[in-house]
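Below: one structure, written as structure tokens.
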Amino acid sequence: MTPTFPLGTDPASVRQRVEALEKLLERSIRIPGLKTAFGLDVILDLLPFGGTTIAAAMGAYMVWEARNLGMSKGQIARMAGNIGFDWALGMIPWVGAIPDFFFRSNTRNLRIIRKHLDRHYPSSVVIEG
């Protein structure tokens, strides 16, 4: 059975999409012997200027989903601030990938979205076994 990508606007579908995007951007690649995984966000930072902007645009999709969930302006501002800070760090050519490895804006934003979903839509929680 092939997994399907949820296209709905219901909170459970939104949760699956933002979790999949966070995994792609922050922890999709694991190097044998290292305990920490990294993702597309760090790789894109190796492309001067444009790569960081592409990663920020992908992260902004999570903010857009959060806005569609009706999250507060304060939460949206915090998420935008995380992306902006990550983008500013990444604008330093080559060196910007190093702090981006440690400051994971998409993971922080996913934590904010999950907290909102858990509080307002507890049925969207997926329990994995």
Side-chain angles (χ1 to χ4, degrees):
M1 176 183 252
T2 37
T4 59
F5 192 73
L7 299 175
T9 58
D10 59 291
S13 295
V14 171
R15 180 186 290 265
Q16 287 179 320
R17 281 195 302 270
V18 296
E19 286 176 348
L21 182 60
E22 185 272 341
K23 184 175 182 179
L24 173 70
L25 290 172
E26 302 292 4
R27 38 189 189 95
S28 59
I29 302 167
R30 183 171 299 277
I31 297 176
L34 289 179
K35 292 182 180 180
T36 305
F38 62 95
L40 192 58
D41 194 8
V42 172
I43 293 170
L44 286 171
D45 277 347
L46 298 176
L47 300 171
F49 308 110
T52 300
T53 303
I54 292 168
M58 292 175 76
Y61 173 77
M62 291 176 75
V63 178
W64 182 76
E65 287 282 18
R67 184 193 63 85
N68 290 341
L69 285 171
M71 292 177 64
S72 73
K73 290 181 181 179
Q75 291 169 315
I76 300 294
R78 271 185 43 212
M79 292 174 68
N82 287 337
I83 292 170
F85 184 70
D86 190 16
W87 177 80
L89 288 175
M91 290 305 283
I92 306 166
W94 294 92
V95 179
I98 296 167
D100 196 35
F101 186 78
F102 299 103
F103 182 82
R104 297 177 180 243
S105 63
N106 299 298
T107 302
R108 291 168 184 259
N109 288 347
L110 178 61
R111 196 173 306 127
I112 294 168
I113 292 173
R114 277 183 176 160
K115 187 175 178 182
H116 174 81
L117 287 171
D118 292 348
R119 180 176 293 142
H120 298 285
Y121 305 99
S123 64
S124 71
V125 175
V126 177
I127 300 173
E128 297 179 18

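When all heavy atoms of V63 and A80 are compared, the pair lying nearest together is CG2-N, 4.4 Å. Between G39 and S28, the shortest heavy-atom distance links the atoms CA-OG, 3.7 Å. Contact detail for K35 and R30: the closest heavy-atom pair is O-NH1, 2.9 Å. For the residue pair L117 and P11, the shortest heavy atom distance occurs at CD2-CB, 3.8 Å.
No side-chain heavy atom of R108 sits under 4.5 Å from any side-chain heavy atom of R78. Taking 4.5 Å as the limit, some side-chain heavy atom of D86 sits within range of a side-chain heavy atom of D41. Taking the side chain as every heavy atom from C-beta outward, E26 and L110 never approach each other to under 4.5 Å. Inter-residue side-chain proximity for D100 and V42 is flagged as met; some heavy-atom pair is nearer than 4.5 Å. Counting only heavy atoms from C-beta outward, the side chains of D118 and R15 approach each other to under 4.5 Å.
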Chi angles and distances behind the side-chain contact (heavy atoms from CB on, under 4.5 Å) call for N82, I112: CA-CA 11 Å; N82 287 337; I112 294 168; 4.1 Å; yes

From CA spacing to verdict: side-chain contact (heavy atoms from CB on, under 4.5 Å), K115, Q75: CA-CA 11 Å; K115 187 175 178 182; Q75 291 169 315; over 6 Å; no

Working for side-chain contact (heavy atoms from CB on, under 4.5 Å), residues R17 and V14: CA-CA 5 Å; R17 281 195 302 270; V14 171; 3.4 Å; yes

Worked check of side-chain contact (heavy atoms from CB on, under 4.5 Å) between L69 and H120: CA-CA 10 Å; L69 285 171; H120 298 285; over 6 Å; no

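Between F101 and F38, the ring-plane angle classifies as tilted under the 30° and 60° cut-offs.
For the atom pair CE of M62 and CG of N109, the computed distance is 5.5 Å after rounding to the nearest 0.5 Å. To the nearest 0.5 Å, atom CE of residue M79 and atom CG of residue N106 are 9.0 Å apart.
A salt bridge is absent between E22 and R104; no separation between the charged side-chain nitrogens and carboxylate oxygens falls under 4.0 Å.
Residues I43 and M58 do not share a hydrophobic cluster, clusters being chains of Ile/Leu/Val/Met/Phe/Trp/Tyr side chains in contact below 4.5 Å. Taking hydrophobic clusters as Ile, Leu, Val, Met, Phe, Trp and Tyr residues chained together by side-chain heavy-atom distances below 4.5 Å, Y61 shares a cluster with I113. F103 is not connected to L25 by any chain of hydrophobic side-chain contacts under 4.5 Å among Ile, Leu, Val, Met, Phe, Trp and Tyr, and they are in different clusters. A single hydrophobic cluster is not seen to contain both I31 and L24; linkage of ILVMFWY side chains at heavy-atom distances under 4.5 Å, directly or through other members, places them apart. A continuous path of hydrophobic side-chain contacts links F102 to I29 [ILVMFWY only; heavy atoms under 4.5 Å].
At least one cation-pi condition fails for R119 and Y121: the charged atom is not both under 6.0 angstrom from the six-membered ring centre and inside a 45 degree cone around its axis.
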